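So that the names make sense, note that chain A is the first sequence line, chain B the second, and so on, each numbered from 1. This is a predicted model, so every value here is computed, not measured.
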Amino acid sequence: MDILHGLNDAQKTAVSTPPGPVLVLAGPGSGKTRVLTFRITYLIRQLNVSPWHIMAVTFTNKAAREMNERIEQLLDGQPRGLLMGTFHATCARILRRESDNLTHYQRDFVIFDTDDQLQVVKQALKDLNLDDKKFPPYKMLNGISNAKNELITPQEYAASNYIAAVTQRVYERYQEILYHNNAMDFDDLLMNTVMLFDERPDVLQKYQERYQHILVDEFQDTNTAQYALLKRLAARHHNIFVVGDSDQSIYKWRGADVRNINRFREAYPEAEVILLEQNYRSTQLILDAAKSVIRNNSNRIHKDLFTERQGGDPIALSEAYDEREEAETVVNAIQGLLLQGYALSDTAVMYRTNAQSRALEEGFMRVGIPYRLVGATQFYKRREVKDILAYLRLVHNPADSVSFNRIINTPTRGIGSKTQQMLVAWAQQNGWLPTDALVKLALDPDVQHPFSGRAFNALHNFGEMYHVWQRLYEQEISVGDLFDTILQQTQYRDYLEKGAKDSDEYSDRWGNVMELRNTATETAVTLTEFLENAALVSETDNLEEGIPATTLLTLHAAKGLEFPVVFIVGLEDGILPHSRSLDTREDLDEERRLFYVGITRAKDRLYLSHAFRRTVWGQSDASTPSRFLREIPDDLLAGANTKARRQQTKTRASSWNWSANTTSQRTAPAPRATPPRPAAHSNRGGYSLPTPNTYDDPEPSRPTTPQFRSGQRVRHAKFGEGTVIQSKLTGNDEEVHVAFAGEGVKRLAASFAKLEKIDD
DNA sequence: GGATCTCATGTTTTT
DNA sequence: CATGAGATCC
C-alpha cells in the first residue's frame with residue numbers, strides 16, 4: 001500500500017521529507033493533522049523507525065487522542081512505545097520517572113491547578129506580610145507564571161521596579177511553599193524538565209537517544225519553556241518536525257511566542273520549509289473573506305490559501321438592536337437552516353467572551369432548541385469536584401497544604417479558623433505536618449496538646465477518619481473504594497443536600513460527584529494516575545461530536561474545530577476587538593487572528609452580526625460595529641446596503657435580519673462544490689439542500705399565511721396543551737405565541753415546535 | 001464557630 | 001449583572 005496515497009503534493013513533500021528539521025506552515029483546514037499522522041506512519045513504515053523513538057507533542061489531550069486514533073487506523077494497530085501527549089503530560093511523565101534526580105521533589109509530587117496556585121500566592125503574601133489589596137494575588141501569579149514561561153527563577157527575577165521587587169519576593173516564597181507541599185504548578189512541569197536537562201547532561205542524553213524523532217503540533221503556540229525543551233531534546237539528532245500557523249496564534253497572552261517560528265528557522269538554517277495552502281474545509285468565498293481580514297496584520301508570512309470549492313454562499317451580515325435581538329436572529333436563522341436540511345450539530349455560535357453566551361442561551365431556551373455550552377464552568381473546577389479531589393489528594397500527599405485547608409472544615413465539623421491556626425502552629429512547633437498532628441491527636445491518648453475539649457473532639461474525630469483513609473491507601477485499596485469510604489465517612493452527600501438552594505442544584509452537584517467517581521473507577525489504576533489525569537485533563541477534551549445540539553463557544557475554544565455553519569456574534573469595537581486590546585498594534589493583530597480563526601471554522605456558511613446596543617456589566621451602551629467588518633469586501637456579503645449599515649453606526653434604520661430577503665446578490669449563482677449532504681448526516685432523513693444559494697431565492701417551503709390563529713387550541717410535546725395568543729410570519733417561519741397552563745406564554749417557531757392542532 | 005451581608009471586581013484560559 | 005471573598009453579625 002502506498003503510504004502517501006490521498007495526499008496532495010505539498011502534503012506528500014512534508015510527509016516524505018528525509019529526517020531532519022522540518023517546518024510545516026499549515027493554513028487552516030489544510031490537513032495538518034493528516035500530515036502529522038502520515039508522517040509518523042511514514043517514519044515507522046517506510047523508514048523503519050521504531051515507534052519507541054518517536055515523541056509527538058500536542059497542546060490538548062483531545063488532539064493527542066485524535067492523532068492516536070488516526071495513527072492506529074493507518075497502522076492497523078497501536079504502535080508500541082510511541083509517546084503521544086501534551087507538553088505537560090509528557091513532562092510530568094519524565095519528571096515522575098526522574099524524581100530521584102530532582103532536588104526538591106519526591107516521586108509522588110502533585111500538580112497544582114490555577115485555583116491551588118492562587119491559594120499558594122495568598123499564603124505567600126500572608127507570610128511576607130503583604131497586603132493582598134495592594135498586590136492582587138492573580139496579578140502576582142501572572143508575574144510568576146510569565147517568569148516561569150521564560151525560564152526565569154526567583155533569584156534571576158529582575159526587580160526593576162517596586163512591583164517587580166515585590167513579585168520577586170512573592171515568587172521566591174511561592175516556590176518554597178510549593179516545595180513544602182511536594183507540588184508543581186503547570187509551568188513547573190515544563191521549567192523543571194528543562195532545568196533537569198540542564199543540570200544533568202546524562203539524563204538529557206538518555207532522552208535524546210530515546211526520542212530521536214520529535215513532532216510538534218500547533219507550534220505557533222509554544223512558549224519559551226516549551227521551545228527550550230524541544231531544542232534540548234532535538235539537539236542531538238535534529239529530527240524535529242513542527243507544524244504551525246502564525247496566523248492562528250491566539251495565546252500570546254499566555255506566553256505563546258510566535259517568534260519561535262523564526263527562532264526555529266535561525267536555529268536550523270537547513271530546515272525544510274513547506275507551505276500547506278490548499279484548504280479542504282471552506283468555500284472559496286469564506287476563504288476570501290478570511291484572507292481579506294488577515295491581510296491587515298503586520299509581519300506575517302504570506303500564504304495563499306485556495307480551495308477547489310469555488311464560489312459559495314455569501315456571508316450574511318446583520319445588525320440587531322441589542323444582544324437579545326441578536327440571539328433571536330441567530331435562533332431564527334438556525335430554524336431556517338433546519339428546514340433546509342442542516343442538522344443542529346452542523347451549527348456553532350462563536351463569541352469573544354463567555355459572558356456573551358447568556359443572551360444566546362436564553363434565546364435558544366425560549367424556543368426549546370438544544371444547545372451545548374463549551375467550557376463555561378469546567379467540571380474539574382466545580383466546588384464539589386474540587387472538594388473530593390482535595391480529600392484524595394491529601395491522602396495521597398499528606399504535605400498538600402492547599403487541600404488540607406480546603407477540607408479541614410468541609411463539610412463543617414467544628415474546626416474553625418482559630419482551631420486550624422492552633423493546629424498548624426502546634427504541628428510546626430513539633431516539626432510535624434498538620435496531617436501528622438491530626439493523626440497524633442487521634443491515636444496517642446497521652447499527647448500533650450493545647451486544645452479545648454470541644455476543639456479536641458472535632459480534631460480527634462477527623463484525625464481518626466484521616467488515619468483510616470491513609471491505612472486503606474497503604475493497603476492498596478482501589479481508588480473507587482477509597483472514594484466511597486471518604487464520601488461515606490464525611491457524609492458529603494448530606495452536606496451537599498443541606499447546602500443546596502434547591503433540589504436541582506443538589507442533584508447537579510451530586511451528579512458531578514458520581515461522575516467523578518466513574519472516572520476514578522473506570523480510567524485510573526492508581527491514585528497517582530487518577531490525580532494526574534484530573535489535573536491535566538480539560539473540559540474541551542471531552543467534546544462529544546454529533547450530538548443534536550447547537551454548539552456555543554468562545555473563539556478561543558473554536559480553534560481546531562470546524563462546522564458547516566458558523567455564526568460569529570458581537571462584532572463590535574470593544575468586544576471583538578476587545579476593549580483591552582485596542583491600544584497596541586500587537587494586541588489588535590491578535591484579535592484579528594481570533595476573528596480569522598472564527599471565520600475559517602466555517603465550511604459552508606458564515607453569519608456575522610453586531611448589535612446596536614449591548615449590555616455590558618448591567619450597563620446598556622450604544623456600540624460601534626467592529627473595525628474588522630470593514631475589512632471584508634462588500635461583494636462577499638449579503639444584506640441590504642451593507643456598506644451603509646457598517647458605517648452608519650449609531651443611527652439605526654429599520655429592523656431586519658438574515659432570513660429576510662436581500663437586495664444585493666452575488667452576481668453569479670455560486671455553484672455548490674459540496675455533494676448533497678448524506679442522509680445519515682442529517683437527522684431529518686434524506687432532506688437535501690434545496691438551492692445552491694438560498695439568499696437568491698425565496699424559500700420554497702416558506703409559509704405565506706399563518707397556520708395558527710389566536711384562540712386555536714394546540715398540543716406541544718413538552719408543554720402539553722395550550723392556547724395560541726398570536727401568530728405572525730417571520731423570515732421563513734411562523735412565530736406562534738402560545739399560553740400553556742402552568743408554563744406561561746412561550747414563543748415557538750412553528751417549523752420546529754411541531755404543534756398539533758386540537759379541534760373541539 | 002458559623003451564617004449572612006456587603007463590596008469590589010470583571011478578556012480570552014490548550015495544561 | 002453576577003460572582004466571590006472578606007467583614008460583620010449572631
Side-chain angles (χ1 to χ4, degrees), chain A residues 57-64 85-92 111-119 122 132-133 136-139 142 145 148-149 184-190 217-218 220-223 225-226 248-256 323 350-356 358-359 374-378 380-381 383 409-420 452 454-455 458 498-499 532-541 543 553-561 570 574-582 587 590-591 593-595 597-598 615-620:
Chain A
V57 275
T58 61
F59 276 83
T60 65
N61 294 296
K62 185 169 175 251
T86 63
F87 271 101
H88 291 85
T90 301
C91 286
I111 299 165
F112 273 7
D113 69 14
T114 319
D115 277 0
D116 303 328
Q117 287 177 278
L118 270 178
Q119 299 307 315
K122 283 180 192 165
D132 60 2
K133 293 266 163 37
Y138 73 96
K139 279 195 181 152
N142 262 342
S145 179
K148 287 185 175 183
N149 284 163
M184 295 193 196
D185 62 24
F186 291 135
D187 304 318
D188 282 333
L189 293 172
L190 305 170
D217 191 16
E218 307 277 17
Q220 77 281 355
D221 285 333
T222 49
N223 62 31
Q226 285 157 340
Q248 292 185 67
S249 158
I250 52 174
Y251 285 104
K252 185 166 89 79
W253 51 278
R254 292 202 88 195
E323 66 275 352
M350 301 172 187
Y351 36 80
R352 177 64 236 262
T353 65
N354 276 313
Q356 290 171 258
R358 185 172 215 96
V374 177
T377 0
Q378 304 207 340
Y380 284 102
K381 288 205 172 137
R383 203 182 65 206
N409 201 30
T410 305
T412 48
R413 52 175 70 90
I415 307 175
S417 59
K418 277 242 181 66
T419 312
Q420 282 176 45
S452 69
R454 214 161 72 174
K498 258 194 321 195
E532 185 155 315
N533 287 344
L536 296 177
V537 155
S538 79
E539 185 91 341
T540 20
D541 289 337
L543 233 181
L553 74 179
T554 61
L555 288 161
H556 282 93
K559 199 176 74 168
L561 304 176
I575 304 283
L576 182 70
H578 194 272
S579 52
R580 294 222 185 159
S581 309
L582 298 175
D587 288 346
E590 178 139 325
E591 296 289 302
R593 289 193 290 270
L594 204 44
F595 187 34
V597 166
T615 310
V616 185
W617 293 328
Q619 193 88 90
S620 174

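- Counting heavy atoms from C-beta outward, A:D187 and A:N223 have side chains that stay 4.5 Å or more apart.
- The ring pair (Phe, Tyr, Trp, His ring centres under 6.0 Å) check on A:H556 picks up A:Y251, A:W253, with sequence neighbours excluded.
- Listed by chain and residue number, A:F87 satisfy the ring pair (Phe, Tyr, Trp, His ring centres under 6.0 Å) test with A:F59 (two or more places apart in sequence, or in another chain).
- One atom, CZ of A:R593, and another, P of B:dT12, lie 18 Å apart when rounded to the nearest Å.
- Residue A:Q117 is classed as having no contact, given no heavy-atom separation below 4.0 Å to the nucleic acid.
- Remark: A:N354 is in phosphate contact with B:dT13, judged by side-chain N or O atoms under 4.0 Å from OP1 or OP2.
- A:R358 is not listed as a side-chain neighbour of A:Q356, based on a closest heavy-atom distance of 4.5 Å or more.
- You'll find the side chain of A:S249 reaches within 4.5 Å of the side chain of A:R593, heavy atoms only.
- Summary of the strand contacts: A:Y138 and A:A535 both lie near DNA chain B, and taking for each the nucleotide with the nearest heavy atom, the more 5' one is attributed to A:Y138.
- Inter-residue side-chain proximity for A:F595 and A:L555 is flagged as unmet; no heavy-atom pair is nearer than 4.5 Å.
- Taking 90° from 0 as the syn/anti boundary, the base of B:dT11 is oriented syn.
- Under 4.0 angstrom from either OP1 or OP2 of B:dT13 there lies at least one side-chain N or O belonging to A:T554.
- Residues passing the side-chain hydrogen bond (donor to acceptor under 3.5 Å, both in side chains) test with A:T419: none are found, sequence neighbours excluded.
- Partners of A:D113 by side-chain hydrogen bond (donor to acceptor under 3.5 Å, both in side chains), not counting sequence neighbours, listed by chain and number: A:K386.
- Taking atom CD on A:E590 and atom C1' on B:dT14, their separation rounds to 13 Å, with Å as the unit.
- Going from atom CG of A:N61 over to atom C1' of B:dT14 covers 9 Å, rounded to whole Å.
- The separation between A:D221 atom CG and B:dT14 atom P is 12 Å, rounded to whole Å.
- Side-chain atoms of A:T615 and A:E323 form a donor-acceptor pair, as typed in the model, at a separation below 3.5 Å.
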Please write out each protein N/O paired with an N/O of nucleotides 1-6 of chain B under 3.5 Å, distance rounded to 0.1 Å.
unit_1: B:dG1; atom_1: OP1; unit_2: A:T419; atom_2: OG1; d: 2.5
unit_1: B:dG2; atom_1: OP1; unit_2: A:G414; atom_2: N; d: 3.2
unit_1: B:dG2; atom_1: OP2; unit_2: A:N409; atom_2: ND2; d: 3.0

Q: Using a 4.0 Å heavy-atom cut-off, write out nucleotides 1-10 of chain C from 5' to 3' as B (base contacted by protein), S (sugar-phosphate only) or - (no contact).
A: BS---S----

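- Between the OH atom of A:Y251 and the C1' atom of B:dT11 there is a distance of 12 Å, given to the nearest Å.
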